[in-house]
Amino acid sequence: MSIRIYGICQCNTVKKARQWLIEQHISAEFIDFKKIPPTITDLQHWLTQIPKETLINRKGTTWRKLSADEQQNALSSNEAAINLMMNQPSVIKRPVLVNNQRVLVGFDAQQYTEFLA
């Protein structure tokens, strides 16, 4: 089983998710967005399962710093959303958990349990 968790190591939600995985004895590769931004292939794949309105963290500082035009543009097409997420990975909702090509965003212990079953 190939489990990967994407995020930023300082993010509290990512820390909780990683700790939960450790407590469940589930091995997962951690990819830090700050060091290794997601690829266009990653983002295209994620968007086949997660709507851009969910994948883009519209509550975060990075999103709020964008102009209204930039925000609208990112929500208007997958291509614009991908460009934004590649250039500013901090705008991606975290963590992104990938298990055998399936994708889950955010952290909820019950959802993780079901997702990884």
Side-chain angles (χ1 to χ4, degrees):
M1 188 177 342
S2 175
I3 300 172
R4 287 166 298 183
I5 184 168
Y6 297 80
I8 297 171
C9 60
Q10 295 88 359
C11 173
N12 287 333
T13 307
V14 171
K15 288 177 184 177
K16 288 177 191 173
R18 292 178 73 192
Q19 184 60 40
W20 183 90
L21 290 167
I22 290 167
E23 290 169 1
Q24 304 308 309
H25 308 286
I26 297 171
S27 177
E29 177 186 6
F30 175 66
I31 296 97
D32 188 333
F33 286 153
K34 297 262 186 198
K35 296 177 183 171
I36 304 171
T39 66
I40 191 167
T41 303
D42 290 332
L43 294 166
Q44 288 171 335
H45 174 69
W46 298 350
L47 286 169
T48 65
Q49 298 178 48
I50 308 293
K52 63 184 163 289
E53 296 81 7
T54 302
L55 190 56
I56 294 173
N57 179 9
R58 293 180 287 161
K59 295 179 182 175
T61 304
T62 304
W63 177 259
R64 290 192 308 262
K65 287 182 180 179
L66 298 173
S67 71
D69 285 344
E70 290 171 314
Q71 292 175 351
Q72 182 58 38
N73 190 37
L75 295 175
S76 66
S77 76
N78 281 0
E79 183 179 339
I82 287 169
N83 285 335
L84 173 64
M85 291 184 283
M86 285 184 68
N87 292 321
Q88 298 190 54
S90 295
V91 79
I92 301 170
K93 185 170 182 175
R94 305 175 291 270
V96 177
L97 185 67
V98 179
N99 178 25
N100 295 325
Q101 299 301 315
R102 295 183 314 129
V103 182
L104 183 66
V105 174
F107 174 68
D108 175 273
Q110 183 62 40
Q111 285 182 337
Y112 267 45
T113 299
E114 293 167 7
F115 184 77
L116 296 169

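- Heavy-atom minimum distance, Ile8 versus Asp32: CA-OD1, 3.8 Å.
- Val105 is not connected to Leu116 by any chain of hydrophobic side-chain contacts under 4.5 Å among Ile, Leu, Val, Met, Phe, Trp and Tyr, and they are in different clusters.
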May I have the list of side-chain donor-acceptor pairs in residues 11-26 shorter than 3.5 Å, sequence neighbours left out?
from, atom 1, to, atom 2, distance (Å)
Gln19, NE2, Glu23, OE2, 3.2

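- Remark: side-chain polar atoms of Arg58 are not paired, donor with acceptor, to backbone N or O of Trp63 under 3.5 angstrom.
- Evaluation of the ring-ring contact (aromatic ring centres under 6.0 Å, His included) rule for Trp46 yields Tyr6 as partners, not counting sequence neighbours.
- Cluster membership check: Leu84 shares its hydrophobic cluster with Val96, using side-chain heavy-atom separations under 4.5 Å among Ile, Leu, Val, Met, Phe, Trp and Tyr.
- With hydrogens and angles disregarded, no donor-acceptor distance shorter than 3.5 Å links the side chain of Arg4 to the backbone of Asn99.
- Taking both residues in full, the closest heavy atoms of Arg102 and Gln49 are given as CA-OE1, 3.4 Å, listed atom of the first, atom of the second, then distance.
- Nearest heavy-atom pair across Phe33 and Pro38 is CD2-CD, 3.7 Å.
- Summarising the geometry of Ile56 relative to Met85, their closest heavy-atom pair is CG1-SD, 4.1 Å, with the distance given to 0.1 Å.
- Identified under the side-chain hydrogen bond (donor to acceptor under 3.5 Å, both in side chains) test for residues 80-96, with sequence neighbours left out: Lys34-Ser90.
- In this structure, CD1 in Ile3 is found 15.0 Å from CZ in Phe30, a value given to the nearest 0.5 Å.
- Inter-residue side-chain proximity for Leu43 and Ile92 is flagged as met; some heavy-atom pair is nearer than 4.5 Å.
- For Glu114, the side chain to side chain donor-acceptor pair (under 3.5 Å) criterion is met by Gln110, not counting sequence neighbours.
- Hydrophobic clustering, with ILVMFWY side chains joined whenever heavy atoms are under 4.5 angstrom apart, keeps Phe115 apart from Val98.
- For the side chain to side chain donor-acceptor pair (under 3.5 Å) test, no residue two or more places apart in sequence or in another chain qualifies with Glu79.
- Applying the side chain to side chain donor-acceptor pair (under 3.5 Å) rule to Gln72 yields no partners; only residues at least two apart in sequence or on another chain are considered.
- Note that NZ of Lys52 and CG of Leu75 are 7.5 Å apart. Values are rounded to the nearest 0.5 Å.
- Both Ile31 and Met86 are part of a single hydrophobic cluster, where members link through side-chain heavy atoms under 4.5 Å apart.
- The shortest distance between side-chain heavy atoms of Leu55 and Val103 does not fall below 4.5 Å.
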